[in-house]
A.B. asks: 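Mind having a look at this structure? Questions to follow.
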Amino acid sequence: MPNLLIELFSEEIPARMQAKAADDLKKLITDGLVDAGLTYAHAAAFWTPRRLTLSIEDLTGESKAVKEERKGPSTSAPEKAIEGFLRSTGLTMDQLEVRDDKKGQVYFAVFEKPGRLAGEIIAEVLDKTIRNFPWPKSMRWGAGPMRWVRPLHSIICLLSDADGNEVVPFEIEGIKSGNTTKGHRFMAPDVITVSDFEDYEAKLKRAKVVLRADERAETIEHEASNMAFAAGMEIVEDKGLLAEVGNLVEFPVPLMGPIADEFLGLPPEVLQTSMKEHQKFFSVRNPKTGRIEKFVTVANIETADHGATILAGNLKVLSARLSDAKFFYENDLRVAKAGMGDWLDGLANVTFHNKLGSQKDRIERIAALARTLAPSVDADAEKAGEAALIAKADLRSDMVGEFPELQGLMGRYYALAAGRTDDVADACRDHYSPLGPSDVVPTAPVSVAVALADKIDTLTGFWAIDEKPTGSKDPFALRRAALGVIRLVLENNLTLKLKDVFASANEGADADELLSFFHDRLKVFLRDQGIRHDVIDAVLAMPGNDDLTLLVKRARALQDFLSTDDGGNLIQGYKRASNILAQAEEKDGVEYSFGADPKFAEADAERDLFTALDKADAEIKPAMENEDFAAAMSAMAGLRAPIDAFFEAVQINSDNQIVRRNRLNLLSRIRTSCLSVADLSRIEG
Amino acid sequence: MADKPRSFQEIILRLQNYWAGKGCAVLQPYDMEVGAGTFHPATTLRSLGSKSWAAAYVQPSRRPTDGRYGENPNRLQHYYQYQVIIKPSPPDLQDLYLGSLQAIGIDVHLHDIRFVEDDWESPTLGAWGLGWEVWCDGMEVSQFTYFQQVGGHDCKPVSGELTYGLERLAMYVLGVDHVMDMPFNDPDAPIALKYGDIFRQTEEEYSRHNFDLADTDKLFRNFEEAEKECQRLLDFDHDDEKTGKRILMAHPAYDQCIKASHVFNLLDARGVISVTERQAYIGRVRALAKLCADAFVQTEAGGHVV
């Protein structure tokens, strides 16, 4: 069976779009082929800055013939209707079949749709794919109407098998399919004719184009590490940068260069950020000094001077960039050493939100809240307030103005320069954390206090002015802030009554509503950790649900309990009791909740259940008070056997109304005991 | 081919010759203060409508906020851009561009030339396009854009626009570290002039003017006046009473749009426009640019057939 090679050769595709585009190409083409009745064994997509390539193996040479039927009018329909049906199907009267239908006999047209050659199908699918390609942003060029991410120049569309190969004839807006492409823009710009995918990849390699992105990345990683190692250094790993740089070149040539001595005093993060953001350089660290002392740039060309000119040019640009960074840093240090007064004053002129005042207003609120929270997180209140007051000062620094991603990090350097203690400086750095679900959560008490205060001020503030997230819209990243609070609380095992905290942060925020927003975030968070949503609901329904640590402890204990044999059966017993009770209450129009008395018990199993409930209640109450959920669950587990035995031996409905009422009231005791641990009615199954 | 030029002006002359050789009309700079070569009507207006067009020119450009009193090695409030605009964009525009680098002495086999994604947008002109910034050994040397929209109109056909930041490019080619040290004419000329001999003093004067002395009351007035005048000119009847011809005021009105844009830049440099006002001013200039574009496409050069 033939193999298919498709290449769409264009001007430079943005690095960030290439991988997804190759994937889309594969999906759209293979789906199209399969929909049209072809099958294939294997498909793989490739990309470089200038091409998207698809290789499909063992494609069927043609689609099978298929039978298609169309139901027509009834045999008793007016002649005009039947004529119309014949016209639309292109058949004659004697070719129609007559079949029985619910309403009588009807005409059926049966067509044999002949199979089609693969080439014909491919051309059709390719045309549709190119015209409807899901680029994040596409453009027109020249005088044509076509859209592509950048001008499209040539198309390979080639079927090949053991006997040879054949171009699938295809044309779109003046571009004809062929069997040729071009090599590296500078090193091998000539036209290459290819016969199949294997030949294509090999010839590209000779023409200085590495087709596979992972191979380009591997070359970069390998050669860069070798160069660094030879100099006694190591590459600072950066997978994102590696992927990006690998998609900026067709033929990677890593080159290593030095960072001039005058810049080595800059914080390593500054060097790294400046080099990465502006020039896409890798940082090279000296493990002995911990400093970043060299860089690796990745060129797209091998030159006669082995990259000397390229490196010299890059060094020049780097030097200009780092001179700026150094200028900023030195300026900033001056302001920091003078106590950061300029920055703090400046923050008064920066609006945080027109309904929430300036950054300075906000910082003062955060500082007050950090002081309030300090005792709950074992932090010194003065330190927490002090840290909060300067934690955002670096937003006014030149360095953060240039590299916003260094916020906090520079704050730490500047706080130390201002003579503040380590815990205060660390809080400046860490108070934004955690930023995402995988970001590290601060644990140092002062950092935790400021990090919590920062997020809670934001949440209560926006809640108070009714700027809440809706649907996919969350412009102030409030979901992230809530998740940050949740992780700070849980991972530091903090006991915080959130509603009280919300009230002390901002009285204008509806604490109940905000708490339910937190509960929604908590559910998502716990679900990712494998806790069932019905378990979470069961514990959320209990009092004290604004203490997240307590909530999660309950949820974990309940989930553990439910996974045991006793737990599973107890739930069944509880449900049975609760259902019978509900039906009886509905029927009788009363609530059975009081007065079960052992003296009306008739069977042993009934008496045993009284004893068991007394015992369980005596254990559950103190266990819950002590937040010893495991003990509460185990007390509840003790009810399983007596409940099972009770249902086995005792018929609730008795002719004796006193006995019946007593049994219903006994069932109510089961319900009450169980509900004192968690709202088991929420448990599914 | 790739022999090195010796001066700033030689680089300009080579670009002029190169693009003239490729069939561009070599125009002269527009005689108004503009922020970039794109503002020249040869680009803004001529990229609209169906008529073919090919032009290249130097455009002195002013960015008042970039003034550094002539002290910064790379920043100037007045600098030169080299602009090429071809409609429809030819299929070999990238190769033509690379040829121009060869022409000014950049050997593409010795340097690392890259096309790095950069989507261009001019909020003041209501214009956007897709393309790249072109890197040479890690330095941005040009902007390469396929115009998609100008003045709110879809560009059909699409123009290809190349913009070279001449000082930066020339400093790199000539191996100069401070712009003021760059030879302007031939360094062996009887009267050899450096960039600083010509522009250091003006950079000082204009930096002070732009940051501290420009009369903001007058500038605010000028902005309003230009805005009104632009609209007034476009409101006139298209049929000229005197000649009996249909004569729209697309270009004179567009001059007022350019003026408003530059006045806004000066006000911005004077620091008297707040963050929220800024957007409003940019929107007002864009509204003028759109009106001018609307008018231009109704004219002959805008492809209008009466």
Side-chain angles (χ1 to χ4, degrees), chain A residues 11-17 49-50 135 137-145 147 149-153 174-175 185-187 189 248-249 253 255 275 278-281 297-305 307-321 323-324 327 350-351 354, chain B residues 50 52 72-75 86-95 97-98 102 106-119 128-132 134-141 144-149 154-160 168 171-173 175-178 274-276:
Chain A
E11 297 177 13
E12 277 77 357
I13 307 166
R16 66 192 167 92
M17 299 179 190
R50 292 211 289 169
W135 291 110
K137 234 181 193 179
S138 66
M139 55 165 271
R140 292 172 290 108
W141 62 94
R147 304 187 75 90
V149 65
R150 293 294 183 274
L152 182 63
H153 280 264
I175 305 171
R185 186 188 279 288
F186 302 110
M187 292 192 282
L248 285 171
V249 295
V253 181
L255 300 167
M275 295 200 296
H278 289 141
Q279 294 179 270
K280 310 198 192 298
F281 286 176
T297 180
V298 181
N300 185 36
I301 190 169
E302 276 175 335
T303 63
D305 65 353
T309 306
I310 296 172
L311 201 54
N314 275 288
L315 268 169
K316 204 165 177 168
V317 185
L318 176 66
S319 167
R321 290 288 189 189
S323 298
D324 281 349
F327 175 78
V350 181
T351 308
N354 57 11
Chain B
S50 55
S52 297
N72 186 294
N74 305 301
R75 274 192 199 274
I86 305 179
K87 179 173 73 174
S89 64
D92 58 347
L93 188 57
Q94 279 188 314
D95 290 331
Y97 168 75
L98 292 169
Q102 292 272 27
I106 294 179
D107 179 350
V108 297
H109 293 99
L110 213 50
H111 292 273
D112 184 27
I113 312 290
R114 237 56 97 62
F115 293 87
V116 179
E117 179 192 13
D118 191 37
D119 299 343
W128 69 274
L130 298 189
W132 310 272
V134 184
W135 286 16
C136 174
D137 304 333
M139 186 178 69
E140 185 194 339
V141 288
F144 191 130
T145 308
Y146 292 101
F147 279 180
Q148 303 295 301
Q149 236 184 33
D154 281 345
C155 298
K156 284 184 180 173
V158 166
S159 299
R168 185 151 37 153
M171 282 167 68
Y172 189 65
V173 171
V176 177
D177 291 327
H178 198 297
S274 75
V275 184
T276 35

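Worth knowing before you read on, the calculation uses all heavy atoms, side chains too, and leaves out hydrogens, waters and symmetry mates. Reminder, nothing fancy here: chain letters follow the sequence lines and each chain counts from 1.
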A.B. asks: Taking C-beta and beyond as the side chain, do B:Y146 and A:E11 meet within less than 4.5 Å on heavy atoms?
C.D. replies: yes

A.B. asks: Is B:N72 in contact with chain A via its backbone, its side chain, both, or neither, using a 4.5 Å heavy-atom distance?
C.D. replies: neither

A.B. asks: Quick check: closest heavy atoms across B:W132 and A:E12, and the distance to 0.1 Å?
C.D. replies: NE1-O, 2.9 Å

A.B. asks: Considering only heavy atoms, which portion of A:R140 lies under 4.5 Å from any heavy atom of chain B: side chain, backbone, both, or neither?
C.D. replies: both

A.B. asks: So which atom in B:P88 and which in A:A143 form the shortest heavy-atom distance, rounded to 0.1 Å?
C.D. replies: CB-N, 3.8 Å

A.B. asks: Quick check on the interface: out of A:K316, A:Q279, A:R321, who has the most heavy-atom pairs with chain B under 4.5 Å?
C.D. replies: A:K316

A.B. asks: What part of A:T309 gets closer than 4.5 Å to chain B, counting heavy atoms only: side chain, backbone, both or neither?
C.D. replies: both

A.B. asks: At a heavy-atom separation under 4.5 Å, does A:S138 approach chain B through its side chain, its backbone, both, or neither?
C.D. replies: backbone

A.B. asks: Relative to chain A, which of B:P90, B:C155, B:G129 shows the most heavy atom pairs under 4.5 Å?
C.D. replies: B:C155

A.B. asks: What part of A:M17 gets closer than 4.5 Å to chain B, counting heavy atoms only: side chain, backbone, both or neither?
C.D. replies: side chain

A.B. asks: Given that the side chain runs from C-beta out, which part of A:V253 has a heavy atom under 4.5 Å from chain B: side chain, backbone, both or neither?
C.D. replies: neither

A.B. asks: For B:R75, check salt bridge (Lys or Arg N to Asp or Glu O under 4.0 Å) against everything at least two apart and list the hits.
C.D. replies: B:D66

A.B. asks: Residues two or more places apart in sequence or in another chain: which of them pass salt bridge (Lys or Arg N to Asp or Glu O under 4.0 Å) with B:E117?
C.D. replies: A:R16

A.B. asks: Taking all non-hydrogen atoms of both residues into account, name the closest pair between A:L248 and B:R114 and its distance.
C.D. replies: O-NH1, 3.4 Å

A.B. asks: Rounded at 0.5 Å granularity, tell me how far CD in B:Q149 sits from CE in A:M139.
C.D. replies: 14.0 Å

A.B. asks: Is any side-chain heavy atom of B:D137 closer than 4.5 Å to a side-chain heavy atom of A:V317?
C.D. replies: no

A.B. asks: Can we say B:D112 and A:R185 salt-bridge, meaning some charged N sits less than 4.0 Å from an Asp/Glu carboxylate O?
C.D. replies: no

A.B. asks: Given side chains that start at C-beta, do those of B:W135 and A:K280 come closer than 4.5 Å, heavy atoms only?
C.D. replies: yes

A.B. asks: Heavy-atom cut-off 4.5 Å, strictly under: side chain, backbone, both or neither for A:H278 against chain B?
C.D. replies: backbone

A.B. asks: So, for A:F186 and B:L98, which heavy atoms are closest and what is the spacing to 0.1 Å?
C.D. replies: CE2-CD1, 3.8 Å

A.B. asks: Between A:N314, A:I301, A:L318, A:T303, which residue shows the highest count of heavy-atom pairs closer than 4.5 Å to chain B?
C.D. replies: A:N314

